[in-house]
Amino acid sequence: MRNTALAHTALLGALAAAALTGCSADPGRPTDAHATSASPEARWKPRPGLAWQWQLDGKVDPSADVPVYDIDGFENSAADVARLHRDGRKVICYVNVGAWEDFRPDKDAFPRSVLGEPNGWAGERWLDIRQIAVLRPLMERRFDMCRDKGFDAVEPDLVEGYGNDTGFPLTARDQLRYNRMIADIAHERGLSVGLKNDLPQIPQLLADFDFAVNEECAQYDECARLSPFIAAGKAVFHVEYTEPRSGFCPVSRRLGLSSMVKQPELGVWRKPC
């Protein structure tokens, strides 16, 4: 979970909105020997309106009667994913792609040259996303883990470093290049991928991502900015932490968002719209 308040002010002015027809590939977009993606028809394509559970605190509790679960990729096993599948659920793999975490088993694989400023969460530091050659194989291994455990999709977190004080002079162009690389890595493995927050870059990234995950768009009166995903038939999985349901659920339903209230620790508790 990453609260949009960290980057909210900077992001609003970081990138002028572009036309939806401007979703062409970035000239700096990396390619490699893995460039042949799985067939798009084979990927799960979540549609607007699907109810979901988002639990990143510990091993998954399968008690929520919803068709979609979003859970931590490291903390849950292939058996956990298979159990959810047996109950008819689709399962999203949460992976942090924008910050180093000192509590992950692959922490020593990240060279010090890519580690930036702390991001406000214990044990985490921003990554220098310009260093594609270093980060791509690390993220490929993480997405291999998601695929090998049987996940259907990936939620890559912290894909808006360019709007934060990372310790690196990141630009919006750097972020577009990195985010498209992340989407490519997922698609090459037959996994769907969601765009997490990063509202200013939705026009440029809509074609690259299969759904969206958003925190607190209602609190900041920004939920309409997610409408391009809904118009494209792609789900928007949305949470609020402090807003009352009576204040945002009517708008969420009108927009077609899959909305609920969660506590910030993202445990089992949920209150859907």
Side-chain angles (χ1 to χ4, degrees), residues 1-15 26 28-30 54 56-57 70 72-75 93-143 145-146 154-186 193-202 204-205 208-209 212-217 220 222 239 241 264-266:
M1 179 278 294
R2 298 294 178 266
N3 194 304
T4 54
L6 273 173
H8 175 69
T9 300
L11 283 174
L12 285 178
L15 188 65
D26 188 279
R29 192 168 185 171
W54 197 19
L56 302 185
D57 184 17
D70 188 339
D72 189 277
F74 283 102
E75 296 295 327
C93 183
Y94 170 90
V95 176
N96 193 334
V97 303
W100 175 79
E101 301 160 307
D102 68 5
F103 49 88
R104 297 301 190 185
D106 62 352
K107 64 182 186 298
D108 294 332
F110 291 78
R112 294 189 61 85
S113 64
V114 301
L115 306 186
E117 293 295 322
N119 68 358
W121 297 92
E124 299 189 19
R125 294 170 64 179
W126 290 104
L127 292 173
D128 185 357
I129 61 170
R130 299 170 301 171
Q131 297 196 46
I132 293 290
V134 175
L135 293 179
R136 182 172 185 124
L138 297 173
M139 297 306 159
E140 285 179 335
R141 287 195 287 272
R142 287 186 165 192
F143 283 33
M145 172 191 70
C146 295
V154 179
E155 179 211 332
D157 199 10
L158 292 183
V159 293
E160 51 188 12
Y162 75 105
N164 289 269
D165 181 13
T166 63
F168 307 111
L170 304 182
T171 66
R173 183 179 176 85
D174 294 329
Q175 194 71 62
L176 286 171
R177 182 170 183 252
Y178 187 73
N179 290 0
R180 287 177 173 140
M181 180 198 78
I182 290 296
D184 286 345
I185 292 172
V193 61
L195 180 64
K196 178 71 169 291
N197 298 323
D198 195 16
L199 297 179
Q201 294 189 328
I202 286 175
Q204 289 87 351
L205 294 173
D208 299 278
F209 287 83
V213 179
N214 177 265
E215 296 169 287
E216 300 186 298
C217 68
Y220 297 107
E222 295 178 331
V239 299
Y241 300 116
E265 61 269 23
L266 295 177

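These numbers were taken from a predicted model, which means no experiment stands behind them.
- Across all non-hydrogen atoms, the minimal contact from Val154 to Phe143 is CG1-CZ, 3.6 Å.
- Across all non-hydrogen atoms, the minimal contact from Tyr162 to Leu170 is CA-CB, 3.9 Å.
- Between Ala99 and Glu124, the closest heavy-atom pair is CB-OE1, 4.0 Å.
- Once rounded to the nearest 0.5 Å, the distance linking CH2 of Trp100 with CG of Leu115 reads 6.0 Å.
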task: Let me see the working for Tyr241 and Leu266 under side-chain contact (heavy atoms from CB on, under 4.5 Å), right down to the final yes or no.
output: CA-CA 10 Å; Tyr241 300 116; Leu266 295 177; 4.1 Å; yes
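- Scanning both residues, Gln201 and Ala172, for their nearest heavy atoms gives NE2-O, 3.0 Å.
- Each of Asn119, Val97, Thr166 was scored for a side-chain contact (heavy atoms from CB on, under 4.5 Å) with Leu158, with one residue passing: Asn119.
- Between Asp106 and Arg142, at least one side-chain nitrogen of the basic residue sits less than 4.0 Å from a carboxylate oxygen of the acidic one, meeting the salt-bridge criterion.
- Atom CG of Asp208 sits about 12.5 Å away from atom CE of Met181, to the nearest 0.5 Å.
- For the residue pair Leu195 and Asn179, the shortest heavy atom distance occurs at CD1-ND2, 4.3 Å.
- Separating the CG atom in Asp70 from the OH atom in Tyr94 is a distance of 9.5 Å, to the nearest 0.5 Å.
- Cys93 SG to Phe74 CZ: the interatomic distance, rounded to the nearest 0.5 Å, is 8.0 Å.
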- request: Kindly determine whether Asp157 and Lys196 satisfy salt bridge (charged side-chain N to carboxylate O under 4.0 Å, His left out), including the steps that lead there.
  value: CA-CA 6 Å; Asp157 199 10; Lys196 178 71 169 291; 2.9 Å; yes
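- Under a 3.5 Å cut-off, the side chain of Gln175 and the backbone N or O of Gly161 do form a donor-acceptor pair.
- For the atom pair Ile185 CD1 and Cys146 SG, the distance stands at 11.0 Å (nearest 0.5 Å).
- Of all heavy-atom pairs between Trp126 and Gly98, the closest is CE3-O, 3.6 Å.
- With hydrogens and angles disregarded, a donor-acceptor distance shorter than 3.5 Å links the side chain of Arg125 to the backbone of Gly116.
- Between Arg104 and Asp72 there is a salt bridge, since a side-chain N of the basic residue sits under 4.0 Å from a carboxylate O of the acidic one.
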- request: For the pair Arg130 and Asp174, evaluate salt bridge (charged side-chain N to carboxylate O under 4.0 Å, His left out) and give the outcome as yes or no after the intermediate values.
  value: CA-CA 6 Å; Arg130 299 170 301 171; Asp174 294 329; 5.0 Å; no
- request: Could you walk me through whether Glu101 and Trp121 pass the side-chain contact (heavy atoms from CB on, under 4.5 Å) test, one step at a time?
  value: CA-CA 9 Å; Glu101 301 160 307; Trp121 297 92; over 6 Å; no
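- Under a 4.0 Å N-O distance rule, the pair Lys107/Asp102 does not qualify as a salt bridge.
- Side-chain atoms of Ser113 and Asp128, non-hydrogen and from C-beta on, never get closer than 4.5 Å to each other.
- Atom CG of Leu205 is separated from atom CG of Leu199 by 11.5 Å, given to the nearest 0.5 angstrom.
- Under the 3.5 Å distance criterion, the side-chain polar atoms of Asn96 are left unmatched by any main-chain donor or acceptor of Pro156.
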